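Working notes, structure below.
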Amino acid sequence: MTARIDIAGITRRYGDALALSGVSLTIEAGEYCVLLGPSGCGKTTLLNIIGGFADPTGGRLTIGGRDMVGVPAAKRPTTTVFQDYALFPHMTLIDNVGFGLRMRGIGRAARNAKAQEMLYLVGLKGADRKKPSELSGGQRQRVALARALAVDPDVLLLDEPLGALDLNLRRSMQEELKAIQRRVGATFVHVTHDQEEAMAIADRIVVMNAGKIEDQGPPERVYREPATRFVAAFLGETNFVPATVRQGRLHSPLGDLGLTTAPEETALTVCVRPEHVGPGRGAPGRVKVIETVFQGVHRRVRVAPEAAPDLHLQALLPVGMDAAPGDTLDLRIDTSHVTLLPAGTA
Ligand code: ADP
Ligand code: MG
């Protein structure tokens with residue numbers, strides 16, 4: 001089963017500090033939603049409020065149309081995979097996975113059958129009798145997932161579930177998590193501070209900062225057209241170029257950045273992704289290379305444009321293109337891919 005989550009104006013205070021400040025969000029049934037943001041922005045607090053492990057100071061929460069305020073965690077249609085997995089070390093895997101069913105009074109035969117099915121689902125077939133100490137970190141993560149899924153939750157909550165795994169394992173688990181979510185059909189809410197993970201896995205990314213939602217939407221939309229400067233900088237890398245609108249064109253210290261429909265004389269910040277700065281004629285034109293890093297698929301360079309030497313730009317150049325510190329190059333911003341934000345936004 002699956003359920004929609006409606007969060008309306010949720011606030012959470014800790015003393016004088018505001019961990020969440022008027023957060024409103026709808027997560028559709030069966031969606032894979034990722035809460036993304038820097039440490040301390042309120043992700044865990046929001047997840048704990050959905051799961052019933054923290055109370056909001058104000059606001060409303062419904063899951064599947066049911067008001068959740070005052071409903072204890074165990075009575076909610078949610079289960080949580082905690083960051084440290086919280087497995088029972090003295091229990092076998094089958095008992096770990098069947099634990100939630102036992103708490104619900106399900107008999108041994110039925111819960112063992114379900115636990116076996118779940119261990120199979122997460123790729124741990126045949127490991128029923130092992131103990132958590134016999135497993136690798138990745139396998140323990142799978143057991144925690146199996147345990148949370150065994151009770152058929154409408155909503156699965158995951159707090160930095162892949163944080164303890166190395167990069168390769170993390171990438172393969174991202175794919176598996178998404179595949180498992182598609183199979184079970186539950187709504188998944190997954191907390192991470194890892195931008196790549198969020199983009200790889202999410203149907204909807206919710207970018208949080210300082211207790212508020214800055215932007216939300218499908219990964220491509222949020223990456224290509226970030227709603228705020230914070231989102232542009234946090235999700236990938238962005239060059240910020242100041243510009244003013246004159247006669248329907250964007251005038252910047254780097255030169256003419258093309259046509260715009262923004263009102264005359266508006267001061268704007270032009271967000272330029274490094275992958276949209278490449279060889280060619282146009283703005284910024286002649287640049288001096290300050291720094292280069294070979295990154296395999298491309299060469300990352302930091303350059304000082306002759307037109308505005310203090311306005312350094314990051315660019316991703318083809319590796320076949322020679323560029324060493326001190327060289328001069330002709331570069332061009334692909335103005336069809338820039339995003340415009342009001343000037344001076346935080
Ligand atoms: P995240 O998961 O994004 O790193 P948290 O939700 O854990 O952030 O924390 C958000 C803010 O609330 C932080 O400033 C944190 O210090 C504060 N906070 C979280 N839990 C508590 C608590 N139990 N007591 C006091 N402050 C807390
Ligand atoms: Mg957290």
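Since this is a predicted model, take the numbers as computed values, not measurements. Read the numbers this way: they start at 1 and go in the same order the structure lists the ligands and their atoms.
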Does Q295 CD have over 12 foreign heavy atoms under 6.0 Å away?
-> yes

Salt-bridged, D159 to K43, with N to O below 4.0 Å?
-> no

NZ or CZ of R147 within 45° of F88 ring axis and under 6.0 Å = yes

Taking only heavy atoms of the protein into account, state which residues are under 4.0 angstrom from an atom of ligand 1, in chain and number order.
-> Y14, A19, P38, S39, G40, C41, G42, K43, T44, T45

Each residue besides F82 in its hydrophobic cluster should be listed here, by chain and number; the cluster joins Ile, Leu, Val, Met, Phe, Trp and Tyr at side-chain heavy-atom distances under 4.5 Å.
-> F53

Return yes when at least one N/O/S atom of T44 is nearer than 2.8 Å to the Mg ion (ligand 2), and no when none is.
-> yes

Rounded to the nearest 0.5 Å, how far apart are CG of L254 and CG of L313?
-> 5.5 Å

What do you reckon, is CZ of R286 surrounded by more than 12 foreign heavy atoms closer than 6.0 Å?
-> yes

